[in-house]
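What follows is a single structure, written as structure tokens, with notes after it.
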There are 2 protein chains.
Amino acid sequence: MSSLTPDETILGLLAAQARHGYELLECFRSTQQLGRVWDLSTSQLYAVLKRLEREGAIVGREVGSENAPPRTEYRLTGKGAERLHRWLNEPQPSASIRRIRVEFLSRLYIARQLNIAADSVVRHQREACLAKYQQLIAERDQVEMGIDFLALDLHISQLEAVLRWIARCEITPASG
Amino acid sequence: MSSLTPDETILGLLAAQARHGYELLECFRSTQQLGRVWDLSTSQLYAVLKRLEREGAIVGREVGSENAPPRTEYRLTGKGAERLHRWLNEPQPSASIRRIRVEFLSRLYIARQLNIAADSVVRHQREACLAKYQQLIAERDQVEMGIDFLALDLHISQLEAVLRWIARCEITPASG
DNA sequence: ACCACCTATTCCACGATAGAATAGATACCA
DNA sequence: TGGTATCTATTCTATCGTGGAATAGGTGGT
């Protein structure tokens, strides 16, 4: 598992419409949008754009503006769109608490932005969490009281909370 | 807030007894010990030891062994012990889910290893979580349905689970 | 004699990241 | 009209963290 990068989320934002770096940055800063989900620095955003372009998932073109500095507007390529949809439909998403908080919320948001039904996204996430939950329960039964047990027990509690929250997600899909 | 490093946890392990790198590594690998709390690579562990020595929190000395390669055994300095106890008694620990999972569990484990009462550690953590919890509840009331609300609601659910878990911690202190 | 594995640590190349720097345009105020 | 503050937009740089391989001594098996 590689670390948590906004690559696919950016692909999703660009799938909705072509944008330049600064616009994307605002999407990630506004609490109305992804501000509570991601915390990106300027340089990280531009570094990701460079990487995505190098990988052929997006292409940029220089756009001169009358009342602002020149900007580079990026749009999705076919390759990028393919990667985006693989990510959205990931059948076995991570059940890590952190990844749920970031990746799953991003998937929900992007699906909404693209007017794609999110129910399979939610279902996959719930199934992954449930599987992990049952595995942890089984492990906890083998373990004696100690730091080990506490860590497992906390993890299990976190997953229980996630499962209840996901159930609420399913009846109130993300808007905005 | 800097990122999540095992520096103080290592100071704690060295406070219990002088150890060399490989021994510490085993503490971080064994699930009986900190294996479920941290996931350190070899190079990270040695890098931290170098840093702690440079900062004067620990000192290493070469120890020749009969049946193994030479090793560097580290012990805590006065400066290191001071830093360790500041960390253990931190009055306002982070209420971030991730930090609770890692830092708080480490504090509990280290307190136990040093035969120090953990109740103030637990109390500080509960207070920090409760404050954060109430702040998030207030924020949620201001926010309309959307990704923003879902993110807040998930965060709140996670903190509720943590608070219930902490209540259980208080009646069953960590052993081993 | 050789290989595999354990102990113990170092090295290196790469990428991430924070924060400053650059730079053009507009707006405000004295 | 000069100053400076602020917004738009991106790049640069120095540092740090990291994974993975390399190094290296010792031990036990076949």
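Letters go in sequence order (proteins before strands), and every chain restarts at 1.
In this structure, CD of B:Glu53 is placed 12 Å from P of C:dT9, rounded to the nearest angstrom. A straight line from CZ of A:Arg19 to P of D:dA9 spans 13 Å, rounded to a whole angstrom. Rounding to whole angstrom units, OH of residue A:Tyr74 and P of D:dA9 are separated by 14 Å. If you take CZ of A:Arg29 and P of D:dA9, they are 14 Å apart, rounded to a whole angstrom. If you take CZ of A:Arg54 and C1' of C:dG15, they are 10 Å apart, rounded to a whole angstrom. Separating the CZ atom of A:Arg61 from the P atom of D:dT10 is a distance of 13 Å, rounded to the nearest angstrom. If you measure from atom OH of A:Tyr22 to atom P of C:dA23, you get 18 Å, rounded to the nearest angstrom. One atom, CG of B:Leu45, and another, C1' of C:dT7, lie 14 Å apart when rounded to the nearest Å.
The closest side-chain donor-acceptor pair between A:Glu127 and A:His124, if any, does not fall under 3.5 angstrom. A:His155 and A:Gln158 form no side-chain donor-acceptor contact under 3.5 Å, judged by distance and modelled atom types alone.
Residue A:Lys50 places at least one side-chain N or O under 4.0 Å from the OP1 or OP2 atom of D:dT11. Under 4.0 angstrom from either OP1 or OP2 of D:dT11 there lies no side-chain N or O belonging to A:Tyr46. The side chain of B:Ser41 contributes no N or O atom lying less than 4.0 Å from OP1 or OP2 of D:dT18. Between B:Gln44 and D:dG17, a side-chain N or O to OP1/OP2 separation shorter than 4.0 Å is absent.
Residues B:Arg112 and A:Ile147 are not in side-chain contact: their nearest non-hydrogen atoms beyond the backbone lie 4.5 Å or more apart.
Side chain of A:Lys50 to backbone of A:Leu45: no donor-acceptor contact under 3.5 angstrom is found. Although no hydrogens or angles enter the test, the distance criterion places a donor-acceptor pair under 3.5 Å between the side chain of A:Glu23 and the main chain of A:His20.
Within the 4.0 angstrom heavy-atom criterion, only backbone atoms of the sugar-phosphate kind lie near B:Thr72; the bases stay farther away.
In the interface, the side chain of A:Ser43 is paired with the base of C:dG19 through a donor and an acceptor atom under 3.5 Å apart.
For B:Arg51, the listed nucleotide lying nearest its side chain is D:dG17; candidates were C:dT9, D:dG17, D:dG19. Out of C:dT17, C:dT7, D:dT8, the shortest distance to the side chain of A:Glu26 is found at D:dT8. Comparing atom distances between the B:His20 side chain and each of D:dT11, C:dT17, C:dA8 picks out C:dA8 as nearest.
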